[in-house]
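Quick notes on the structure that follows.
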Amino acid sequence: MAISALQFERSKYAPKLPKALQGPVKVVVGKETESVADQEEIQKLFPNTYGMPLITFEEGADTGSLPVMNVGVILSGGQAPGGHNVISGIYDGLKKLNPENKLYGFLGGPGGLVDHEYMELTDEIIDEYRNTGGFDIIGSGRTKLEEEAQFDKGVEICKELNINALVVIGGDDSNTNACVLAEYYLQKETGIQVIGCPKTIDGDLKNEMIETSFGFDTAIKVYSELIGNIMRDANSAKKYWHFIKLMGRSASHIALECALQTRPNVTLISEEVAEKEQTLAEIVDYIANVIARRAEDDHNFGVILVPEGLIEFIPEMKTLITELNDLLAEGQQSANEFKALVTDAEKRTYVIGKLSETSSKVFASLPEGIAKQLTLDRDPHGNVQVSKIETEKLLIEMVDVRLAEMTEEGTYKGSFSAQNHFFGYEGRCAAPSNFDADYCYSLGATASVLIGNGKTGYMSSVRNTTKPADKWIAGGVPITMMMNMERRHGHMKPVIQKALVELDAAPFLKLAENREQWAVETSYVYPGPIQYFGPTEVCDATTKTLELEQGK
Ligand code: FBP
């Protein structure tokens with residue numbers, strides 16, 4: 001396979017490990033844990049894995065090889081830079097425990113376990129993927145491991161391959177399912193351990209014991225480079241407003257971190273919009289006012305960051321989407337009536353007539369293209385595909401209309417020309433930054449030690465991550481500790497609590513403190529591309545979010 005000069009040089013990088021993982025490891029058992037909420041219900045649902053103690057690793061003495069073990073690894077959900085290093089960390093860790101140990105990769109995500117599709121990972125394969133981005137070593141998928149029949153299919157293949165443990169590399173949902181699987185395998189006395197690793201560029205799998213999910217660091221660095229480049233272009237040509245939508249299905253951590261890195265004129269944070277119960281019209285007004293104020297200084301250009309999940313956090317849009325989902329659900333008479341209509345105008349009028357008064361007003365105020373997207377682009381269950389809605393274009397159209405009104409009123413004297421962008425997939429498979437390369441390799445190595453010590457229902461945890469890597473603290477956290485009960489598809493379920501942007505925490509407060517100035521002045525910062533070779537202040541820097549959260 002042809003590889004680039006950078007990939008060739010980068011493959012030689014030896015990821016840095018916490019001191020405790022550099023040689024033989026001593027396992028220190030800490031205090032017993034409780035779930036973050038709903039302790040009684042969670043304990044009932046997880047009688048075998050609830051309340052287990054925290055585990056930390058320290059440097060230990062050599063105790064010789066452990067008995068031979070085989071392990072299976074699964075990549076679950078969206079790609080995140082560093083996944084290959086988690087796998088190489090597990091692989092090297094297992095070989096350190098006993099050179100006869102084997103690692104199998106299940107292909108195409110959790111579905112590979114159920115369908116018995118797998119490959120054995122060898123030195124040659126692992127070496128080819130060290131320090132590379134992507135999940136292509138074994139592929140990923142979004143099949144959810146939720147049913148006992150799937151778990152039992154998993155047992156079959158584990159028995160066939162003598163697999164003693166599975167490592168699930170995934171986000172909050174996948175790790176929730178990993179915990180259910182661990183509990184089930186214990187109850188059924190299968191002897192199969194399950195360990196989770198925290199992955200997602202969205203950065204919303206974090207808590208007291210998991211400081212960050214892997215991939216966030218690299219993804220925000222890629223986006224921040226691109227945003228910085230656009231800022232410089234905007235500041236050179238001085239004629240465009242750039243509306244940039246940033247990935248992150250629900251939480252706005254990516255938008256917030258990119259804002260702290262680059263200082264745009266406007267940054268929308270979905271969690272704030274929800275908290276203040278802002279309407280779409282208010283958001284449009286806010287943006288239009290910033291544009292008007294900059295126009296007073298002849299600055300008819302700027303950069304606006306829009307989080308991908310925004311639409312669902314605007315209360316009136318959320319209600320509208322729920323009503324549309326009910327109205328147009330497969331099998332509903334209204335859905336059939338809607339389908340029978342021929343022209344777009346007829347369809348629009350039909351929907352406006354059927355919605356509640358408030359929702360029909362909101363729907364009528366939307367630009368035609370977006371309104372059409374809301375009613376036509378639906379998933380197989382008939383639901384609106386919120387992540388496909390082009391929020392950045394919606395805002396451009398509505399801001400344009402508002403500025404025209406302001407021109408009439410005499411409150412805006414400028415020219416408005418906009419460009420739209422969406423940064424998402426381009427950040428998910430970048431070659432991992434030093435932080436992600438080291439963090440992921442450490443998470444993988446941690447998983448192998450947890451497995452070697454017979455642990456199950458734990459997530460790999462590596463903390464103290466704003467310090468140099470040798471000072472990082474590795475260990476395991478019982479997954480039940482992160483759980484609470486939430487309503488999902490009409491039923492209360494135990495799930496890992498998703499971490500949204502906290503409006504009283506340091507990262508958001510930093511934005512709030514500065515955004516007024518960044519709005520009117522041109523305060524752009526140009527982070528440039530990720531550096532893999534060079535001074536440590538440049539190459540090993542973590543995110544502003546982590547630094548601020550850790551009080552740096
Ligand atoms: P995970 O939560 O599985 O890590 O995926 C996150 C994400 O990248 C979101 O930011 C985005 O909305 C979504 O995946 C896109 O999903 P898909 O790859 O299926 O288009």
Side-chain angles (χ1 to χ4, degrees), residues 74-86 108-112 133-136 138-146 168-178 196-207 210 212-224 226 244-258 268-271 305-313 321 377-381 383-392 421-430 432 436 439-440 443 459 482 488 495-501 543 545:
I74 298 167
L75 289 164
S76 181
Q79 283 69 249
H84 291 160
N85 273 30
V86 180
F135 279 4
D136 42 323
I138 51 174
S140 186
R142 290 200 182 274
T143 303
K144 290 192 187 307
L145 289 180
E146 285 177 318
V168 177
I169 303 173
D172 52 345
D173 277 348
S174 308
N175 274 286
T176 295
N177 295 340
C197 280
K199 169 234 75 166
T200 179
I201 62 158
D202 293 2
D204 55 10
L205 171 47
K206 63 175 172 181
N207 49 54
I210 302 294
T212 186
S213 55
F214 80 75
F216 177 71
D217 186 273
T218 309
I220 64 89
K221 283 174 180 160
V222 173
Y223 303 144
S224 297
L226 299 176
I244 305 174
K245 182 170 82 171
L246 290 163
M247 215 177 222
R249 188 196 310 273
S250 181
S252 305
H253 297 293
I254 292 180
L256 175 56
E257 172 65 25
C258 290
L268 302 176
I269 298 294
S270 306
E271 291 83 343
L305 302 187
V306 181
E308 181 183 29
L310 179 70
I311 283 283
E312 278 186 298
F313 283 76
I321 289 167
D377 285 346
R378 317 189 68 82
D379 72 11
H381 308 287
N383 292 328
V384 173
Q385 291 191 283
V386 184
S387 66
K388 297 233 165 90
I389 295 171
E390 293 168 316
T391 332
E392 69 287 20
H421 313 262
F422 171 41
F423 297 155
Y425 298 96
E426 44 277 81
R428 294 204 313 189
C429 283
D436 271 329
Y439 184 57
C440 289
L443 287 171
M459 191 185 287
M482 306 169 198
R488 296 279 168 95
V495 292
I496 294 178
Q497 221 173 33
K498 205 184 253 313
L500 297 178
V501 169
T543 59
T545 302

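Counting starts at 1 for both ligands and their atoms, in listed order. Heads up: numbering here begins at 1 and tracks the sequence.
- With respect to P110, the side chain to side chain contact (heavy atoms under 4.5 Å, CB included) criterion is satisfied by exactly one of I74, V168, N177, L75: I74.
- Between T200 and S213, the side chains place no donor N or O within less than 3.5 Å of an acceptor N or O (distance only, hydrogens not considered).
- Residue E308 approaches ligand 1 through these ligand atoms, each under 4.0 Å from one of its heavy atoms: 10 (O), 11 (C), 12 (O).
- Counting the atoms of ligand 1 from 1 in the order shown, those under 4.0 Å from a heavy atom of G78 are 1 (P), 3 (O), 4 (O), 5 (O).
- Ranked by closest heavy atom to atom 7 (C) of ligand 1, the top entry among Q79, K199, R428 is R428.
- Here T200 has heavy atoms under 4.0 Å from ligand 1 in both its backbone and its side chain.
- Of all the atoms in ligand 1, the ones that sit under 4.0 Å from a non-hydrogen atom of G248 are 10 (O).
- Of the protein's non-hydrogen atoms, R249 NH2, 3.5 Å is the one closest to atom 13 (C) of ligand 1.
- Exactly one of T212, N85, T218 qualifies for a side-chain hydrogen bond (donor to acceptor under 3.5 Å, both in side chains) with D436. That residue is T218.
- In this structure, G171 has no heavy atom closer than 4.0 Å to ligand 1.
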Distance-only check: which donor-acceptor pairs under 3.5 Å involve side-chain atoms of residues 421-428, not counting sequence neighbours?
unit_1: H421; atom_1: NE2; unit_2: H242; atom_2: ND1; d: 2.8
unit_1: E426; atom_1: OE1; unit_2: G424; atom_2: N; d: 2.7

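- When every heavy atom of S252 is checked against every heavy atom of E271, the shortest pair comes out as OG-OE1, 2.9 Å.
- Atoms of ligand 1 lying under 4.0 Å from at least one heavy atom of G77, given by number and element, are 3 (O).
- Nearest protein heavy-atom neighbour of atom 14 (O) of ligand 1: R142 NH2, 2.9 Å.
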- Start with the C-alpha gap between I496 and M459, add the side-chain angles, then the distance that decides, and say whether side-chain contact (heavy atoms from CB on, under 4.5 Å) holds. CA-CA 12 Å; I496 294 178; M459 191 185 287; 4.1 Å; yes
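- Scanning the protein heavy atoms around atom 10 (O) of ligand 1, the nearest turns out to be D202 OD1, 2.6 Å.
- Between C429 and G134 the shortest heavy-atom distance is SG-CA, 3.4 Å.
- Applying the ring pair (Phe, Tyr, Trp, His ring centres under 6.0 Å) test to Y439 and every residue at least two apart in sequence or in another chain returns F435.
- Short contacts between ligand 1 and Y425, defined as distances under 4.0 Å to a heavy atom of the residue, involve ligand atoms 15 (C), 17 (P), 18 (O), 20 (O).
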